[in-house]
A.B. asks: 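Handing you a structure now.
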2 protein chains.
Amino acid sequence: METTVGMSSVLEQDIREKFRRSGYTLTSQRRAVLEALKEARGHPSAEDVYLTVKRKNPRVALGTVYQALSVLEEIGVVDSKHWSESPTRYDLNVEPHLDIRCARCGAVSEIPGVELGELEENIRYNTPYEVKRTTIVVEGLCPSCREA
Amino acid sequence: METTVGMSSVLEQDIREKFRRSGYTLTSQRRAVLEALKEARGHPSAEDVYLTVKRKNPRVALGTVYQALSVLEEIGVVDSKHWSESPTRYDLNVEPHLDIRCARCGAVSEIPGVELGELEENIRYNTPYEVKRTTIVVEGLCPSCREA
DNA sequence: CTTCGGAATAGGAATGGTTACTGATTGGAG
DNA sequence: CTCCAATCAGTAACCATTCCTATTCCGAAG
Ligand SMILES: [Mn+2]
Ligand SMILES: [Mn+2]
Ligand SMILES: [Zn+2]
Ligand SMILES: [Zn+2]
């Protein structure tokens with residue numbers, strides 16, 4: 001099977017397009033950050049991404065990873081979420097969805113199948129603020145931590 | 001009108017009871033933190049609370065305020081919420097409700113009238129995690145900032 | 001009213017995630 | 001190839017929060 005050929009997947013095309021429209025340049029470091037996000041199983045922190053990127057390119061600076069992540073977030077390629085007692089977690093899934101973090105081991109995973117439909121519009125209807133984003137953050141104990 | 005007499009309001013009784021059950025002691029510093037939270041208009045940060053408490057008792061330490069807030073949160077008297085680009089905000093309203101923060105001036109206010117009813121149970125139904133808490137955090141521009 | 005032991009506090013140092021700064025590097029337009 | 005703006009690496013600074021320790025406070029027991 002050859003569903004992807006290097007940098008030519010559908011996802012990549014979309015990302016290229018978002019970079020083009022934004023005026024930012026798709027540098028090798030930013031590509032490396034994207035690759036690290038793809039490889040990561042869960043929802044990595046900036047530090048996690050940094051360590052992954054460093055394996056292939058030991059010269060990257062942590063600050064570059066932060067800057068890349070913030071550019072990627074600005075152009076809508078990645079999303080970030082904040083839990084208390086954890087550094088910011090990054091996510092290639094930019095659709096509205098739920099993520100839950102284990103309070104004990106820190107693992108983050110997604111909660112599929114929850115209907116959020118009217119929430120955002122209800123919010124817009126009930127506040128005079130111009131709503132930019134709504135983030136739902138769930139905390140709990142993962143299956144292996146709840147038995148311990 | 002005399003709806004409250006010093007420390008004897010209904011709210012105070014409830015708080016006393018929560019302290020009694022928890023085993024923590026209701027010290028003067030913790031009372032002062034509660035007073036500061038009541039006085040505060042919006043959703044103050046720990047630093048805001050600290051500055052308010054300091055006006056009456058200049059000897060309090062910032063660390064004490066943090067510790068008091070964490071005790072108060074643990075026993076269910078206050079709630080806290082996290083937005084990116086802002087220190088943690090504290091709230092005497094511990095019922096599930098929505099708060100929105102202005103991305104420009106930082107003001108936090110509540111969004112009444114949004115029905116959250118089945119969200120929490122939908123979440124519990126769709127994840128193997130043991131859900132501890134769900135926090136919804138809304139970001140936007142307040143009426144005065146949106147025109148600027 | 002004293003004494004005693006554990007809890008809480010003041011003050012300040014340390015931590016950790018994130019951002020800011022600066023001089024060097026890069027890569028694309030011309 | 002040359003030039004310029006964007007980006008980068010490396011490092012220092014920042015800021016919210018936590019940690020540490022000697023001192024103080026408080027409440028139960030006598
Ligand atoms: Mn996710
Ligand atoms: Mn609130
Ligand atoms: Zn876990
Ligand atoms: Zn505003």
Side-chain angles (χ1 to χ4, degrees), chain A residues 7 16 18-34 36 43-51 53-75 77-78 80-90 101 103 106 108, chain B residues 7 16 18-34 36 43-75 77-78 80-90 101 103 106 108 137:
Chain A
M7 293 282 112
R16 274 176 195 278
K18 284 178 174 165
F19 266 99
R20 201 190 52 68
R21 277 206 306 268
S22 72
Y24 288 113
T25 51
L26 179 42
T27 64
S28 67
Q29 289 90 342
R30 287 170 184 169
R31 242 196 297 272
V33 165
L34 279 169
H43 293 65
S45 66
E47 175 99 25
D48 295 335
V49 171
Y50 170 61
L51 292 174
V53 169
K54 239 185 142 177
R55 272 195 266 119
K56 290 190 175 171
N57 176 4
R59 291 184 60 77
V60 287
L62 177 56
T64 302
V65 170
Y66 273 104
Q67 193 263 4
L69 287 168
S70 106
V71 166
L72 290 169
E73 183 165 14
E74 185 186 332
I75 68 180
V77 172
V78 313
S80 69
K81 285 180 183 165
H82 289 269
W83 284 262
S84 54
E85 301 175 28
S86 169
T88 304
R89 303 301 198 89
Y90 295 88
R101 174 176 180 275
V108 172
Chain B
M7 292 285 111
R16 273 175 196 279
K18 283 178 173 165
F19 266 99
R20 202 191 52 69
R21 277 207 306 269
S22 71
Y24 288 114
T25 52
L26 179 43
T27 65
S28 66
Q29 289 90 342
R30 287 169 185 171
R31 245 196 297 270
V33 165
L34 278 169
H43 293 65
S45 67
E47 174 100 24
D48 295 335
V49 171
Y50 171 60
L51 293 174
T52 303
V53 169
K54 239 185 144 178
R55 272 195 265 120
K56 290 191 177 172
N57 175 3
R59 291 184 62 79
V60 286
L62 178 57
T64 302
V65 171
Y66 274 103
Q67 194 263 6
L69 287 168
S70 108
V71 166
L72 290 169
E73 183 165 13
E74 185 186 332
I75 69 180
V77 173
V78 313
S80 68
K81 285 179 183 166
H82 253 75
W83 283 262
S84 53
E85 302 175 28
S86 169
T88 304
R89 304 300 197 90
Y90 295 88
R101 174 177 180 275
V108 172
V137 146

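Letters A, B, ... are given to chains in the order of the sequence lines, protein chains preceding strands, and every chain is numbered from 1. For clarity, every value in this text was computed on a predicted model and none was experimentally measured.
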A.B. asks: Search all heavy atoms of A/Lys18 against all heavy atoms of A/Val77 and return the closest pair with its distance.
C.D. replies: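 It is CD-CG2, 3.8 Å.
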A.B. asks: Can you check the B/Glu47 CD to D/dC15 C1' distance for me, whole Å?
C.D. replies: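 Whole-Å distance recorded here is 10 Å.
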A.B. asks: Got a second to check how far B/Arg30's CZ is from B/Leu69's CG, nearest 0.5 Å?
C.D. replies: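 One gets 10.5 Å once the value is rounded to the nearest 0.5 Å.
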A.B. asks: Through what angle, rounded to 10 degrees, does the axis of the helix from C/dC1-D/dG30 to C/dG30-D/dC1 turn between its ends, using five pairs per end?
C.D. replies: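 Overall, the helix from C/dC1-D/dG30 to C/dG30-D/dC1 bends by 30° from one end axis to the other.
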A.B. asks: So, is A/Thr88 close to the C/dT18 phosphate, meaning a side-chain N or O under 4.0 Å from OP1 or OP2?
C.D. replies: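 For C/dT18, OP1 or OP2 has a side-chain N or O of A/Thr88 closer than 4.0 Å.
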A.B. asks: With distance as the sole test, does B/Thr52 use its side chain to make a donor-acceptor pair with the main-chain N or O of B/Asp48 at under 3.5 Å?
C.D. replies: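 Checked: pair present.
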A.B. asks: Where is the tightest heavy-atom contact between A/His43 and A/Arg89, given as atom of each residue plus distance?
C.D. replies: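 Between these two residues, the closest heavy atoms are O-NH1, 2.8 Å.
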A.B. asks: Nearest whole angstrom, please: distance from the P of D/dC26 to the CZ of B/Phe19.
C.D. replies: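 In whole Å, D/dC26 P and B/Phe19 CZ are 14 Å from each other.
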A.B. asks: Where do B/Tyr90 and B/Ser45 come nearest, in terms of heavy atoms and distance?
C.D. replies: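 Where B/Tyr90 meets B/Ser45 most closely, the heavy atoms are CD1-C, 4.3 Å.
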A.B. asks: Measure the distance from CH2 on A/Trp83 to C1' on D/dT17 and round it to the nearest whole Å.
C.D. replies: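 Taking atom C1' of D/dT17 as the reference, CH2 of A/Trp83 is at 20 Å.
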A.B. asks: Heavy-atom nearest nucleotide on DNA chain D for B/His82 versus B/Ser28: which residue maps closer to 5'?
C.D. replies: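 Looking at the nearest nucleotide for each, B/His82 comes out on the 5' side.
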A.B. asks: Looking at A/Ala32 and A/Val53, what are the two nearest heavy atoms and their distance?
C.D. replies: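 The pair with the smallest heavy-atom distance is O-CG2, 3.6 Å.
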A.B. asks: Nearest heavy atom decides the nucleotide; on that basis, is B/Glu85 or A/Leu26 closer to the 5' end of DNA chain C?
C.D. replies: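 Its nucleotide being nearer the 5' end, the pick is B/Glu85.
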A.B. asks: Are A/Thr25 and D/dT7 close enough that a side-chain N or O sits under 4.0 Å from OP1 or OP2?
C.D. replies: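 Yes, within the criterion.
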A.B. asks: Under 4.0 Å between a side-chain N or O of B/Gln29 and OP1 or OP2 of D/dC25?
C.D. replies: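 Result: no.
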A.B. asks: Identify the two heavy atoms, one from B/Trp83 and one from B/Val108, that lie closest to each other, and give their separation to 0.1 Å.
C.D. replies: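 Shortest heavy-atom contact: CH2-CG1, 3.9 Å.
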A.B. asks: Identify the heavy atoms of A/Tyr50 and A/Ala61 that sit nearest to each other, and give their distance.
C.D. replies: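 Minimum heavy-atom separation between A/Tyr50 and A/Ala61: CE1-C, 3.8 Å.
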A.B. asks: Rounded off to whole Å, could you give me the OH-to-C1' distance for the A/Tyr50 and C/dG16 pair?
C.D. replies: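 Rounded to whole Å, this separation is 15 Å.
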A.B. asks: In whole Å, what is the span from the OH atom of A/Tyr24 to the P atom of C/dG28?
C.D. replies: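 Distance check: A/Tyr24 OH to C/dG28 P gives 18 Å.
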A.B. asks: Check every atom of C/dT18, C/dA8, D/dT17 against the side chain of A/Ala46 and return the nucleotide holding the closest atom.
C.D. replies: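 For the A/Ala46 side chain, the nearest candidate turns out to be C/dT18.
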A.B. asks: Listed in order of residue number, which residues of residues 58-73 of chain A have a non-hydrogen atom at under 4.0 Å from DNA chain C?
C.D. replies: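 Contacts with DNA chain C under 4.0 Å: A/Leu62, A/Tyr66.
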A.B. asks: Okay, side chain of B/Thr25, backbone of B/Thr27: is any donor-acceptor separation there less than 3.5 Å?
C.D. replies: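 No; zero donor-acceptor contacts below 3.5 Å.
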A.B. asks: B/Asp48 has an atom CG; how far is it from atom P of D/dT17, in whole Å?
C.D. replies: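 Taking atom P of D/dT17 as the reference, CG of B/Asp48 is at 11 Å.
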A.B. asks: Using whole Å, what does the distance between atom P of nucleotide C/dA7 and atom CD1 of B/Ile75 come to?
C.D. replies: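 The distance from CD1 of B/Ile75 to P of C/dA7 comes to 16 Å, rounded to the nearest Å.
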